[in-house]
Amino acid sequence: MWRVGIARTAAAAAAAALALCAPAAAWAQDGATPSAQASQPASLPDDGQRSVTNDIRLDLGEKGVLHAEESIAFGEDPPEEFVRTLPVREPYDAERSRIYEVDGISAVDGGGRRIPVSTHEDDGTLDVRMETAGHSAAVLSYTVRGAVDPVGGGTELEWTAVAGYGRTVAETTVVVDAAAPPRALSCTAGRARSSIYCTSSDMGGHEAARARFLQTDMQPEESLHIVVSYPADAIGGEAIIERDWSLTSAFAITPATATVFGLLLLVPVGILLALIRIRGRDERAIRTEASAGDSAPVDASGAGGEDGSVRFRPPDDVHPGQIGTLIDEQADVVDITATVVDLAVRGHMTIRELPHAQYSATDWRLDRAAGPLDDALLGYERLLLDALFQDADQVKLSELGHSGFPDRLVDVREELYRDMVRLKWFANKPNLERNRWTTAGIGITVLGAVLTVVLAVATQWAFPALAVAIAGSAVTVGAQYMPAKTRQGSVVFAHTLGFRCYLLDAGAEDVPREDRVAVFSRYLPYAVIFDNVDRWAAILASASGECAADLPWYSGPDDWRMEDFADSIRSFTLTLTGVISNTRQFRTLR
């Protein structure tokens, strides 16, 4: 406490000061209570306020309980009410406060009649309000716990006997009785943080039987703080200490809190290890199966084409949209764009680039076609065609964004996820698995945040609660990896990566000249998935020029040439990507 050091230092000098203090000598001779007449300045005006006096008697019990009785005299003009302030909380050190438990408050007048009393606690003090109208005197009683504490080789009573008055009090006397005589005493008085010694103090003459203090002319804002030392074990009790709230104390790192924090972190670590184990299935399959897909994906047996021609045969008969969903476990804008190009290449629609002025935007028209009889559509492909054309056979790309097309893609996306389960590449739909774990992670994070706040306000255990929030964040991030491929899905994924390696490195010479336009057209939708459009569009344009053959699925305006195909198809895919990205169901192409 801020005054403890001053009080204890002053205690040693108190005895010497008493010897020089004339009023104190007079008290020692007759054993009477200190009198204000012997110590207050002669110039103090008698304005009627000096008529209020307070005689405080403190009986210190063996268990350190302080029983107080105050005799307050108001003189000839009692106030309507009188406020007496007691301390209930004071600073103890930089991180803790000392608590005083004050209870049993009651008041009577000189004739024993009850005086109404109300209390109000605020900012470490307790205001005791007495309705004193018509009462010339009041006797206030209360008990205090926590005012005694073992200090050094003794026991010390430390108490702010007066934390404030409702009006000026001419004379305040404090007498402390205990089972043992005092060894030393000290007091300070005045405004907050004052180090000025009180008017006078003594220990009851040569017998030193009790501690006595006097303070004159106390203004409402002033206080009187006393310290009395007793022999060790003579008085029981100890101070009530509470740690003050602060971020440092709320998040205190102690061996106990650090241990709990570490234990709670084992949860996200365990989840991450499980994720690594699950993802490891893909890596093992890649090491053993990837080579099966790194050769030209064609059927050269002659069984699939006319006159023994070479035909495209993707690994595991996987379509572009399926590959894209399998790779990143999300049905996204790239998968839809690649599927549109793939449906055109396979003959289910044609793409026509419309004429445009030099500085105007390019537009395309999609025309629906019956498609080959031997090329059955998958469920999501059929839904995509319906989303594109609805009840029409033609649609301009510029019109799709205003026709509700992006919203209709929701069904396409869901069907792609169902396809992953139907093909047994995932045990559950990846989006549902991801959403479950994301929801769980957010829930754990919110729980951890709420728990942290509650524990920070009420205890010093907020630090371990942070581990719960961190665990929730880890689960939320890890949710993106939770859709685990089955063994079959991992094998197909490995073949897909082999196919990707082939598309990144292969050249036109791997396919006979006469089959290049047809085969390389089938490569192009997969190149969209693998972000290799420019390369294969240029190879396809070159192959078409060598064979003097037009693309059956893509055409341009009258002045359009095959050399323009690479730029045209890139512009088409980027424009279509922008249209699809208008819905939040899909992420933007990177």
*Electrostatic pair Glu69-Arg57, nearest N-O below 4.0 angstrom*: no
*In terms of side-chain geometry, is the basic nitrogen of Asp505 or Arg500 positioned less than 4.0 Å from the acidic oxygen of its partner?*
no
_Lys/Arg N to Asp/Glu carboxylate O, Glu242 vs Arg96, below 4.0 Å_ = no
*asked:* Between Thr486 and Gly489 (side chain of the first, backbone of the second, donor and acceptor by atom type, cut-off under 3.5 Å), is there such a pair?
replied: yes
*List in chain and number order the residues that pass side chain to side chain donor-acceptor pair (under 3.5 Å) with Arg434, two or more places apart in sequence or in another chain; answer none if no residue qualifies.*
none
_Does anything in residues 455-483 form a salt bridge (Lys or Arg N to Asp or Glu O under 4.0 Å)? List the pairs, not counting sequence neighbours._
none
*Distance-only, no hydrogens or angles: does the Thr155 side chain make a donor-acceptor pair with backbone N or O of Val151 under 3.5 Å?*
no
*May I have the step-by-step check of side-chain hydrogen bond (donor to acceptor under 3.5 Å, both in side chains) for Asp316 and His495, ending in yes or no?*
CA-CA 8 Å; Asp316 301 288; His495 294 170; 2.8 Å; yes
*Results of salt bridge (charged side-chain N to carboxylate O under 4.0 Å, His left out) for Asp411 - residues two or more places apart only*: none
_Donor-acceptor pair, side chain of Trp536 and main chain of Leu503, under 3.5 angstrom_ = yes
*Is there a donor-acceptor contact under 3.5 Å from the side chain of Thr85 to the main chain of Val128?*
no
*Are Arg98 and Glu158 ion-paired here, with the side-chain N under 4.0 Å from a carboxylate O?*
yes
*Going from CG on Asp149 to CD on Glu156, what distance comes out if it is rounded to the nearest 0.5 angstrom?*
8.0 Å
*Return yes if a side-chain donor-acceptor contact under 3.5 Å exists between Thr172 and Tyr165, otherwise no.*
yes
*Pairwise distance OG1(Thr254) to CZ(Phe261) - rounded to 0.5 angstrom*: 12.5 Å
*Rounded to the nearest 0.5 Å, how far does CG of Leu58 lie from CG of Leu66?*
4.5 Å
*asked:* Quick check against the 3.5 Å criterion: does Arg408 have a side-chain atom that pairs as donor or acceptor with the backbone of Ser403?
replied: yes
_Under a 4.0 Å threshold between the charged nitrogen and the carboxylate oxygen, would Arg382 count as salt-bridged to Asp386?_
no
*Can you name the one residue among Gln330, Glu414, Arg436 that meets side chain to side chain donor-acceptor pair (under 3.5 Å) with Asn431?*
Glu414
*Assess whether side-chain contact (heavy atoms from CB on, under 4.5 Å) is satisfied between Ile105 and Leu126, documenting all intermediate values.*
CA-CA 11 Å; Ile105 300 174; Leu126 181 69; 3.7 Å; yes
*asked:* Does Glu238 have more than 12 heavy atoms from other residues, nucleotides or ligands lying within 6.0 Å of its CD?
replied: no
*Glu90 vs Thr160, side-chain hydrogen bond (donor to acceptor under 3.5 Å, both in side chains): CA-CA, chis, key distance, verdict*: CA-CA 9 Å; Glu90 292 183 346; Thr160 301; 2.6 Å; yes
*Apply side-chain contact (heavy atoms from CB on, under 4.5 Å) to the pair Leu224 and Cys198, showing each step before the final yes or no.*
CA-CA 7 Å; Leu224 173 61; Cys198 63; 3.8 Å; yes
_Spatial distance of atom OG1 (Thr496) from atom CG (Leu326) [nearest 0.5 Å]_ = 5.5 Å
*Report the residues that fulfil salt bridge (charged side-chain N to carboxylate O under 4.0 Å, His left out) with Asp233, sequence neighbours left out, ordered by chain and then residue number.*
none
*asked:* side-chain contact (heavy atoms from CB on, under 4.5 Å) for Tyr100 and Ile240? Distances and angles first, verdict last.
replied: CA-CA 7 Å; Tyr100 298 99; Ile240 304 172; over 6 Å; no
_Face-on cation placement of Lys485 at Phe426 ring, 6.0 Å and 45° thresholds_ = no
*List for me each residue that meets salt bridge (charged side-chain N to carboxylate O under 4.0 Å, His left out) alongside Asp59, sequence neighbours excluded, and say none if there are none.*
none
*Rounded to the nearest 0.5 Å, how far apart are CZ of Phe572 and OG1 of Thr577?*
9.5 Å
*When the ring centroid of Phe463 is compared with that of Phe251, is the distance short of 6.0 Å?*
no
*Mark yes when over 12 heavy atoms from residues, nucleotides or ligands other than Ile196 sit less than 6.0 Å from its CD1; otherwise mark no.*
no
*asked:* For Asp332, is there any backbone N or O sitting under 3.5 Å from a side-chain donor or acceptor partner on Asp335?
replied: yes
_Looking at Val412, is its backbone amide N or carbonyl O close enough to the side chain of Glu415 to form a donor-acceptor pair, meaning the two atoms are under 3.5 Å apart?_
no
*With sequence neighbours left out, write down each residue that passes side chain to side chain contact (heavy atoms under 4.5 Å, CB included) with Asp419, or none if nothing qualifies.*
Gln322, Leu378, Tyr380, Arg422, Leu423
*asked:* Tell me whether Thr188 contacts the main-chain N or O of Tyr197 through its side chain, where contact means a donor paired with an acceptor under 3.5 Å.
replied: no
_So that I can tick it off, tell me whether Glu329 and Lys429 are bridged by a salt bridge, with the cut-off set at under 4.0 angstrom between side-chain N and carboxylate O._
no
_Side chain to side chain, Asp244 and Arg89, heavy atoms closer than 4.5 Å_ = yes
*For Ala456, does its backbone N or O pair with a side-chain atom of Trp245 as donor and acceptor, under 3.5 Å?*
yes
_Asn532 (side chain) donor-acceptor with Ala527 (main chain) under 3.5 angstrom_ = no
_Side-chain heavy atoms of Tyr417 within contact of Val421, under 4.5 Å_ = no
*Would you please test Thr119 and Asp127 for side-chain hydrogen bond (donor to acceptor under 3.5 Å, both in side chains) and show each step?*
CA-CA 5 Å; Thr119 60; Asp127 289 337; over 6 Å; no
*Answer yes or no: is there a side-chain heavy-atom contact under 4.5 Å between Leu343 and Glu381?*
yes
*Thr476 and Ser473: side-chain donor and acceptor closer than 3.5 Å?*
no
*Give a yes or no on this: more than 12 heavy atoms of other residues, nucleotides or ligands lie within 6.0 Å of atom CZ of Arg183.*
yes
*So how far is it from Leu416 CG to Thr325 OG1, rounded to the nearest 0.5 Å?*
4.0 Å
